[in-house]
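Each ligand, and each atom within it, is numbered from 1 in the order the structure gives. What you see is a predicted model; the values in this text were computed from it and never measured. Starting from 1, each residue takes its place in the sequence as its number.
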Amino acid sequence: GGPAPERPRAGGGAAPPPRPPPAMPDRPLPFDQPVFVTRPLLPPLEGFVGRLRDVWSSGWLANGGAQHQALERALSEHLRCAHLSLFNNGTIGLIVACQAVRLSGEVITTPFSFPATPHVLSWNNVTPVFADVEPGTMNLDPAAIEPLITARTTGILGVHVYGTPCQVDAIDEIARFYGLKVIYDAAHAFGAEIDGRPIGSFGDATMFSFHATKLFHTAEGGALAVNDPDLKRRIDLLKNFGIRDEEHVVMPGINGKMSELSAALGLEVLKLVDAERTRRAHIARLYAQRLAAHAGVSLLRPPANVRDSLQYFVVRIDASRTGVSRDLLHARLREFNIVTRKYFYPLCSRYSCYRHLPSAQPANLPVATRIASEVLCLPFHGGLSDDAVHRICDAIDHAIAG
Ligand SMILES: *Cc1c(COP(=O)(O)O)cnc(C)c1O
């Protein structure tokens with residue numbers, strides 16, 4: 001390349017009229033800093049430090065201190081749970097839930113989730129049995145559950161993926177008929193409701209994750225919500241080594257306790273949750289307006305009777321209409337410093353620890369297999385300005401056009 005040498009001008013007289021500048025390149029500018037899918041809510045440090053002063057003067061750092069008690073109460077109210085138990089993370093909570101309802105043998109679950117979902121079954125010596133999902137909600141398809149039930153089946157582990165609730169009534173009916181336990185992974189569903197009923201009120205137990213990537217968080221943390229007070233007592237024993245009192249250890253428990261430091265952080269983060277939801281709802285509307293221009297980009301919006309958890313903003317890419325695959329769009333957006341995520345690709349059923357299972361064969365999971373190749377989570381958190389959302393959408397327009 002390089003510019004061609006200028007031809008000497010005849011006559012050597014007056015300069016020609018200036019050429020018009022080249023058309024502005026249509027390519028949007030990349031972001032200076034990477035834009036991630038999420039960013040943890042960080043409360044004003046002063047409030048957190050104030051709570052730490054209380055913790056310091058109490059000299060009590062763990063084992064259900066004042067912060068823990070206050071957060072358990074505050075969250076029970078916020079989530080309208082009958083009974084809530086805090087945990088050091090959601091995964092340990094889910095492991096304890098499986099123990100508490102005594103799952104064994106086989107449990108039917110979804111392949112379209114985070115690794116923790118099938119892993120908690122493995123940690124309980126339970127074989128995960130993968131059932132296909134519905135194309136709309138991307139959650140366990142009740143019609144796919146029943147054919148997989150055997151004499152060894154003891155439960156159903158559903159995931160309210162991206163905060164969209166499972167078909168809880170249909171799952172409940174199957175569980176009652178076959179005498180199965182139902183546990184929900186609601187890691188994405190903080191604050192979700194179905195017909196005004198809180199998400200933590202369905203099934204035998206519901207797990208919430210309070211990891212830093214979740215809308216409400218305690219840096220690391222989680223909780224179990226249950227309706228049965230006896231089950232709550234059992235869960236609280238299991239999360240504290242099975243210690244009933246000074247002289248009695250009544251079951252082989254684990255250490256699932258949330259510390260005072262995490263609980264103190266959670267109490268401050270909880271103050272920000274309503275404003276964060278409002279901001280995220282606005283960003284979701286902006287995305288929806290802009291992305292409506294692309295027939296091949298469909299949005300996952302919850303049905304009208306569902307209160308959105310606003311945890312993720314998910315799109316599905318129909319490559320036959322956009323002309324670009326999900327993977328190509330993901331790669332092109334990286335060039336603009338936009339870090340989207342392919343949650344949940346690969347399917348859990350593709351992990352080396354599960355792919356040998358009969359239920360893990362792709363032929364058993366056609367919907368999940370297709371969806372996993374189409375979904376993309378866009379940056380979605382209250383720290384994104386309107387301008388940033390428009391720039392992300394400009395980059396999507398460009399990536400699809402180019
Ligand atoms: C985040 C997440 C978990 C794990 O929660 P931790 O609190 O990180 O242990 C489990 N399931 C799903 C679907 C998740 O997104």
Side-chain angles (χ1 to χ4, degrees), residues 36-41 71 75 79 84-99 107 109-124 126 128 130-131 133 137-140 156-166 182-192 199-200 202-203 205-225 235 238-239 254-259 261-263 265-266 269 300 308-314 341-349 351 354 368 371-372 375-377 380-381:
F36 295 108
V37 161
T38 195
R39 194 177 81 177
L41 272 180
L71 183 62
L75 283 176
L79 296 168
L84 190 94
S85 299
L86 297 178
F87 276 85
N88 49 4
N89 63 63
T91 305
I92 296 284
L94 211 45
I95 287 176
V96 165
C98 298
Q99 287 272 319
V107 166
T109 192
T110 171
F112 191 67
S113 187
F114 187 70
T117 309
H119 288 352
V120 301
L121 298 174
S122 293
W123 276 70
N124 278 280
V126 169
F130 296 109
V133 301
T137 63
M138 308 191 198
N139 288 324
L140 266 184
I156 299 168
L157 172 54
V159 180
H160 304 303
V161 83
Y162 310 128
T164 309
C166 294
V182 178
I183 295 177
Y184 287 113
D185 175 340
H188 303 168
F190 188 89
I199 199 71
F202 302 99
T206 296
M207 176 277 266
F208 295 97
S209 166
F210 305 149
H211 184 256
T213 52
K214 308 302 201 281
L215 191 153
F216 169 77
H217 74 91
T218 59
E220 289 269 12
L224 286 180
I235 285 167
L238 281 168
K239 81 171 198 189
I254 198 167
N255 183 358
K257 305 188 304 302
M258 178 183 281
S259 81
L261 306 188
S262 282
L265 178 58
V269 171
L300 177 75
D308 195 346
S309 73
L310 297 160
Q311 172 65 51
Y312 289 112
F313 193 87
V314 188
R341 297 300 300 265
K342 304 176 191 178
Y343 298 139
F344 289 97
Y345 174 87
L347 295 174
C348 299
S349 48
Y351 304 163
Y354 303 124
I371 284 173
V375 286
L376 196 62
C377 290
F380 191 52
H381 58 81

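At the shortest separation from atom 5 (O) of ligand 1 among protein heavy atoms lies Ser209 OG, 3.1 Å. Of the protein's non-hydrogen atoms, the one nearest atom 11 (N) of ligand 1 is Asp185 OD2, 2.7 Å. With respect to atom 15 (O) of ligand 1, the closest heavy atom belonging to the protein is His188 NE2, 2.7 Å. When only non-hydrogen protein atoms are considered, atom 1 (C) of ligand 1 lies nearest to Lys214 NZ, 1.7 Å. Considering only non-hydrogen protein atoms, atom 14 (C) of ligand 1 sits nearest to Ala187 CB, 3.3 Å. When hydrogens are left out, the protein atom nearest atom 3 (C) of ligand 1 is Phe114 CD2, 3.7 Å; that is the closest non-hydrogen contact.
Side-chain N or O atoms of His217 include none that pairs as donor or acceptor with a backbone N or O of His211 at under 3.5 Å. Formation of a donor-acceptor pair under 3.5 Å by the Ser262 side chain with backbone atoms of Thr218 is found in this model. A distance-only check finds no donor-acceptor pair linking the side chain of Asp308 to the backbone of Gly163 [under 3.5 Å].
Aromatic ring centres of His188 and Phe380 lie farther apart than the 6.0 Å criterion allows. The ring of Tyr312 has its center closer than 6.0 angstrom to the ring center of Tyr343.
Between Gly222 and ligand 1 there is no heavy-atom distance shorter than 4.0 Å. The shortest separation from a heavy atom of Gly93 to ligand 1 is not under 4.0 Å, leaving the residue out of contact.
Classified by interplanar angle (parallel below 30°, tilted 30° to 60°, perpendicular above 60°), the ring pair Tyr354/His119 is tilted.
Atoms of ligand 1 found under 4.0 Å from any heavy atom of Gly221 (numbered from 1 in listed order, with element): 7 (O). Within ligand 1, counting atoms from 1 as listed, the ones closer than 4.0 Å to a heavy atom of Asn89 are 7 (O), 9 (O).
Scanning both residues, His160 and Ala186, for their nearest heavy atoms gives CD2-CB, 3.8 Å.
Residue Glu220 does not touch ligand 1, judged by heavy-atom distances below 4.0 Å.
Side-chain contact, Asn88 with Glu220: no donor N or O sits under 3.5 Å from an acceptor N or O.
Not a single N or O atom of His211, backbone or side chain, sits closer than 3.5 Å to an N or O atom of ligand 1. For ligand 1, the polar-atom distance check finds an N/O of Thr91 within less than 3.5 Å of one of the ligand's N/O atoms. Geometrically, ligand 1 and Gly90 share a nitrogen or oxygen pair separated by less than 3.5 Å.
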Run the side chain to side chain contact (heavy atoms under 4.5 Å, CB included) check on Val120 and Ile183 step by step: do they pass?
-> CA-CA 11 Å; Val120 301; Ile183 295 177; over 6 Å; no
